[in-house]
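Read the structure below first, then the notes.
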Amino acid sequence: MLDRSSRAARFITFEGGEGVGKSTQVKRLVGALSRQSIPAVRTREPGGTPKAEAIRAFILQGRSELWGPGAEAVLFAAARLDHVNQLIAPNLESGRWVISDRFSDSTRAYQGLTGGVDVKLIDALEILALNGHTPDLTIVLDMDPEAAFRRVLERETEAALVDTGDRFEKEDLDWHRRLREAFLAIARNHADRCVIIPAGQSEDALEQEIWDVITRRFPELAAEQLA
Ligand code: T5A
């Protein structure tokens with residue numbers, strides 16, 4: 001298990017519903033850290049390693065849908081176990097910050113609170129897959145799902161990719177509202193780790209707010225900026 005006291009590198013995750021701007025801000029944060037000469041790795045879930053990416057393709061193409069949310073929670077956890085062991089832990093131990101686009105809170109929100117999988121299974125899978133690698137900070141990007149959906153639609157229309165969303169993106173609006181509430185509940189239950197940030201603002205304003213949160217949370221970062 002990782003000895004937190006002996007490493008400077010931080011593990012930060014971004015969570016929230018579809019189209020709230022997680023990928024955009026993960027990229028921007030890694031860029032901002034690099035400009036401060038802080039080595040940082042960008043990754044995502046499901047995925048991040050070849051084996052986990054194979055599980056991602058299997059799930060998001062809808063091939064696991066018939067098995068139900070319980071089996072899917074197990075698949076997401078299997079992908080996460082490989083991601084933690086092969087990418088997250090080794091990078092943190094080598095002093096590189098790890099910034100992940102989604103992590104275990106997504107399983108709790110999608111399969112657990114919204115999908116109805118028993119919390120005991122979600123808890124057990126989390127213990128197994130994380131092996132102590134709880135994020136140091138989780139940024140929960142929060143916005144009205146209808147507005148977020150318009151963003152995704154715009155992106156897909158611009159790229160002439162209408163109707164290519166993954167199967168979770170195809171759920172109805174009421175389901176996305178419940179998902180939003182699930183992420184907010186998780187954030188409230190883990191207030192020491194999670195920060196909720198309104199995501200309906202511009203990309204630049206959001207980047208600045210996230211940077212402010214991070215420098216407040218990790219004062220050593222602000223000290224490096226001054227040095
Ligand atoms: N899943 C995942 C589970 O069910 N259980 C699990 O355990 C895990 C890990 C992953 C799917 O798997 C599910 C959840 C998901 O359904 P994904 O492709 O990673 O699939 O899905 P999302 O994470 O939802 O990815 P999206 O790309 O749809 O959303 P993002 O990353 O939140 O948004 P982003 O940054 O790509 O931005 C979307 C669009 O909005 C614009 C961007 O340019 C882009 O066009 N944008 C903004 N526009 C205006 N203002 C801003 N501030 C903007 N920020 C971005």
Side-chain angles (χ1 to χ4, degrees), residues 13-30 42-49 52-53 55-65 67-84 88 99-117 121-122 125-126 128-130 135 138-162 164-171 175-176 178-180 182-183 186 197-210:
T13 58
F14 280 69
E15 298 280 7
E18 320 277 325
V20 295
K22 298 176 298 299
S23 311
T24 305
Q25 294 303 325
V26 165
K27 265 185 229 148
R28 283 177 172 239
L29 176 58
V30 170
R42 172 161 67 99
T43 188
R44 69 172 182 182
E45 286 215 349
T49 64
E53 289 290 334
I55 295 177
R56 177 190 177 93
F58 184 78
I59 299 173
L60 296 191
Q61 285 162 9
R63 289 157 72 195
S64 59
E65 200 168 0
W67 302 359
E72 289 190 321
V74 174
L75 284 174
F76 280 114
R80 185 161 302 126
L81 184 65
D82 193 62
H83 189 208
V84 167
I88 295 171
I99 317 297
S100 187
D101 186 346
R102 297 195 181 280
F103 194 59
S104 54
D105 293 321
S106 282
T107 305
R108 192 170 290 280
Y110 279 79
Q111 284 67 48
L113 293 168
T114 313
V117 174
L121 176 61
I122 301 288
L125 290 172
E126 199 168 288
L128 181 81
L130 268 61
T138 296
I139 305 281
V140 177
L141 295 183
D142 175 59
M143 72 184 281
D144 168 35
E146 218 169 336
F149 180 69
R150 277 197 295 275
R151 280 185 183 172
V152 173
L153 202 63
E154 219 169 278
R155 173 183 64 189
E156 289 170 359
T157 309
E158 271 169 23
L161 286 173
V162 177
T164 57
D166 69 55
R167 66 182 192 74
F168 293 99
E169 284 176 0
K170 293 184 166 78
E171 297 284 357
W175 187 91
H176 284 283
R178 285 191 284 123
L179 181 69
R180 179 189 193 183
F183 277 114
I186 291 168
I197 299 189
Q201 45 188 326
S202 75
E203 291 183 22
D204 286 349
L206 201 46
E207 179 181 356
Q208 186 60 53
E209 189 167 344
I210 290 167

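Start at 1 and go down the list; that is how both ligands and their atoms are numbered. Only heavy atoms go into these numbers, but all of them, side chains included; no hydrogens, no water, no symmetry mates.
With a heavy-atom cut-off of 4.0 Å, Glu203 touches ligand 1 through backbone and side chain alike. Contacts with ligand 1 closer than 4.0 Å are made by no heavy atom of Ser104, backbone or side chain.
In terms of the side chain to side chain contact (heavy atoms under 4.5 Å, CB included) criterion, residue partners of Thr24 (sequence neighbours excluded) are, by chain and number, Arg28, Glu203. Judged as a side chain to side chain contact (heavy atoms under 4.5 Å, CB included), and not counting sequence neighbours, the contacts of Val117 are Pro69, Gln111, Leu121, Ile122.
Comparing Ala73, Ser106, Ala129 by heavy-atom distance to atom 8 (C) of ligand 1, the nearest is Ser106. Checking Gly19, Gly16, Gly115 against atom 26 (P) of ligand 1, the nearest heavy atom belongs to Gly19. Heavy-atom proximity to atom 36 (O) of ligand 1, evaluated over Glu207, Arg155, Arg28, Met143, is greatest for Arg155.
With rounding to the nearest 0.5 angstrom, the CZ atom of Arg180 is 11.0 Å from the CD atom of Glu146. We find the CD-CD distance between Glu207 and Gln201 to be 11.5 Å, quoted to the nearest 0.5 Å.
Using a 4.0 Å cutoff on heavy atoms, Arg80 counts as a contact of ligand 1. Judged by the shortest distance from any of its heavy atoms, Leu60 lies inside the 4.0 Å radius around the atoms of ligand 1.
Residue Thr107 approaches ligand 1 through these ligand atoms, each under 4.0 Å from one of its heavy atoms: 6 (C), 7 (O). The contact set between ligand 1 and Tyr110, taken as ligand atoms under 4.0 Å from a residue heavy atom, comprises 3 (C), 4 (O), 14 (C), 15 (C), 16 (O).
A heavy-atom distance below 4.5 Å is found between the side chains of Gln25 and Phe14.
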